Amino acid sequence: MSVGIGRERQFEIYVGGARGTYPAVPVAFERLEQAARKAMSPEGYAYVAGGAGTEETMPANRAAFERWRIVPRMLRDVSVRATATEVLGTALPSPFVLCPIGVLEMAHRHADVAVARAAATEGIPFVFSNQASRPMEEAALAMGDAPRWFQLYWSTSNELVASLVSRAERCGCSAIVLTLDTTVLGWRIRDLDLAYLPFLRGKGIAQYTSDPVFLDALQETLREESPPTGRITLAAIGTLLGQAGSYPGSRLANVRSGLARAAVRRFVETYSRPSLSWDDLAFLRERTRLPILLKGILHPADAVAAVEHGMDGIVVSNHGGRQVDGAIATMDALPAVVEAVGGRVPVVLDSGVRSGADVFRALALGASGVGLGRPYVWGLAAGGEDGVREVIRNLRADFDLTMGLAGVASVRDIGADNVTRV
Ligand SMILES: Cc1cc2nc3c(=O)[nH]c(=O)nc-3n(C[C@H](O)[C@H](O)[C@H](O)COP(=O)(O)O)c2cc1C
């Protein structure tokens, strides 16, 4: 008989210890982050760890979770626990997905492919980022039949939007997550102090440089491209080489052709469309039969508008505090969004999820599932594919045990009665 993922993982670790083997990455979030920091460049660490402005929203996300306390129930036969659920037709063995995270090459050289493999082994859906370090086709290939979604940024080119969506369909993605909260980049103080933006170094633009529509447009940019101007500094040469190294093909050929530099320029011109409005959604709705979730919703009226515009799901997210400093914490926004949506579409929550208790609390307030963000990036930096797999397994285990110890045998039975606000 299965003992459940919680006990299985505990024993794996404790029995391992008795034999002298230890987990690949720390279990505690803070120690995991420290281990990742040691493995990363200062710029890479700052990019992942940082938030917008005074970085007030990151602790606010945590504080909002902590205001909700679980009230365990006793004597409820929790010997068999059903942690699996489903969101928009995608099966979730535990109620979470891996959030779309751009520029994973700053955490590990195998980047998205390592995460894809780890996610696939556990059957946890991976949401491919529009700012990935590897083309979605590569990540999909590493996943077999395991579930995945695609996260879209709406660029200035609708043709590119359509192309990315049809590639995602061909890659076996079973939902599109349209991120709305990053029409421009937030005021990210750590990156500003280091004067570092990965995209300008050619990192995190692999979905573009592998796209036929983007590549066509790139030829035009290349024709207009003038040679670099200004003083030639060591840093400028380093940037040029970095861009060329990130672009597909040989570094030398990329320096000679000017393609890598032109690709960065074209990306900057293409990325994001701040004019995007509700009426634009019809274009996307017509392009795909896949379910579409809107990510970045925090106001109940926007949640209602999403449903009215034919969207299939909502991701309550403040982008991990990276966009609007002082934004409402997602656990504070969730109840009103859930109420406004009234069960018409599923609501997923991310930003600040660090433990099984967090997953449980979000579900208790009506979320259908949650998104795991920074923790798996730290796992990737500290331990590569194995590190990500352990982070996933640990969260699955922690959630399973939390649910059982709270006296709930099935995800479907988690409800408002299981928590109280303090
Ligand atoms: C380094 C980094 C890169 C991210 N890149 C993307 C992205 O490309 N697309 C997107 O929709 N969200 C992106 N996000 C936001 C995540 O999807 C998610 O909303 C956030 O990480 C949740 O907060 P948490 O990591 O504190 O839990 C990124 C977050 C981080 C930390």
Side-chain angles (χ1 to χ4, degrees), residues 29-30 32-33 36-37 40-41 43-52 55-65 96-108 111-112 115 125-134 136 139 149-155 164 175-183 185-186 188 190-191 196-199 203-208 267 271-272 293-298 314-324 327 329-331 333 348-355 358-359 362 369-381 391 395:
F29 176 77
E30 289 74 17
L32 179 65
E33 178 170 343
R37 184 176 193 164
M40 295 173 81
S41 68
E43 291 83 3
Y45 173 75
Y47 184 72
V48 178
E55 301 194 331
E56 163 189 328
T57 300
M58 293 192 289
N61 283 332
R62 291 299 312 144
F65 273 107
F96 66 94
V97 303
L98 300 190
C99 290
I101 302 258
V103 210
L104 287 172
E105 68 205 272
M106 304 228 286
H108 193 273
D112 308 85
V115 175
F126 178 26
V127 188
F128 299 158
S129 164
N130 205 142
Q131 299 309 129
S133 294
R134 296 291 183 83
M136 61 180 107
W149 294 351
F150 175 68
Q151 176 264 318
L152 176 73
Y153 279 134
W154 203 306
S155 61
L164 288 165
I176 302 290
V177 178
L178 174 63
T179 299
L180 302 174
D181 59 15
T182 315
T183 44
L185 273 189
R188 306 207 180 140
R190 300 193 205 200
D191 301 337
Y196 187 88
L197 185 66
F199 312 110
K203 297 185 196 303
I205 61 170
Q207 308 294 21
Y208 302 79
F267 162 73
Y271 174 77
S272 103
L293 297 98
L294 297 188
K295 177 170 182 273
I297 299 287
L298 292 165
I314 282 168
V315 184
V316 171
S317 169
N318 56 33
H319 216 100
R322 298 162 70 77
Q323 286 299 98
V324 177
T330 51
M331 279 293 277
V348 174
L349 171 139
D350 75 27
S351 300
V353 174
R354 301 290 178 262
S355 69
D358 295 343
V359 182
V370 304
L372 184 69
R374 289 184 180 93
Y376 86 80
V377 186
W378 299 143
L380 177 66
V391 169
L395 184 61

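Values below: all heavy atoms of this structure, side chains included; hydrogens, waters and symmetry mates excluded. Start at 1 with the first residue, then count along the sequence. Computed from a predicted structure; not experimentally measured. We count ligands from 1, going down the list as the structure has it; atoms in each ligand are counted the same way.
Under 4.0 Å from ligand 1, not a single heavy atom of Met58 appears. Residue contacts with ligand 1, taken as heavy atom pairs separated by less than 4.0 Å, involve Thr179 solely via side-chain atoms from C-beta onward. Contacts between Ser129 and ligand 1 below 4.0 angstrom, taking non-hydrogen atoms only, involve the side chain exclusively. Counting heavy atoms under 4.0 Å from ligand 1, residue Gln151 touches it through the side chain alone. At a heavy-atom cutoff of 4.0 Å, ligand 1 is contacted by both the backbone and the side chain of Ser351.
The distance criterion of under 3.5 Å between nitrogen or oxygen atoms is not met by Cys99 with respect to ligand 1. Of the polar atoms of Val48, none of the N or O atoms is found under 3.5 Å from an N or O of ligand 1, judged by distance alone. Not one N or O of Asn130 is nearer than 3.5 Å to an N or O of ligand 1, by distance alone. Between His319 and ligand 1, at least one pair of N/O atoms sits closer than 3.5 Å.
Annotation: atom 7 (C) of ligand 1 to nearest protein heavy atom, Tyr153 OH, 3.4 Å. Ranking protein heavy atoms by distance to atom 12 (N) of ligand 1, first place goes to Lys295 NZ, 3.0 Å.
Here Glu43 pairs with Ser41, Leu194, Tyr196 under the side chain to side chain contact (heavy atoms under 4.5 Å, CB included) rule; sequence neighbours left out.
Taking the six-membered ring where tryptophan is involved, the planes of Tyr271 and Phe199 are essentially parallel, since the angle between them stays under 30° and well short of 60°.
Heavy-atom separations between Gly371 and ligand 1 are all 4.0 Å or longer.
The pair Glu33-Arg374 fails the salt-bridge criterion, with no side-chain N (NZ, NE, NH1 or NH2) lying under 4.0 Å from an Asp/Glu carboxylate O.
The contact set between ligand 1 and Arg354, taken as ligand atoms under 4.0 Å from a residue heavy atom, comprises 24 (P), 26 (O), 27 (O).
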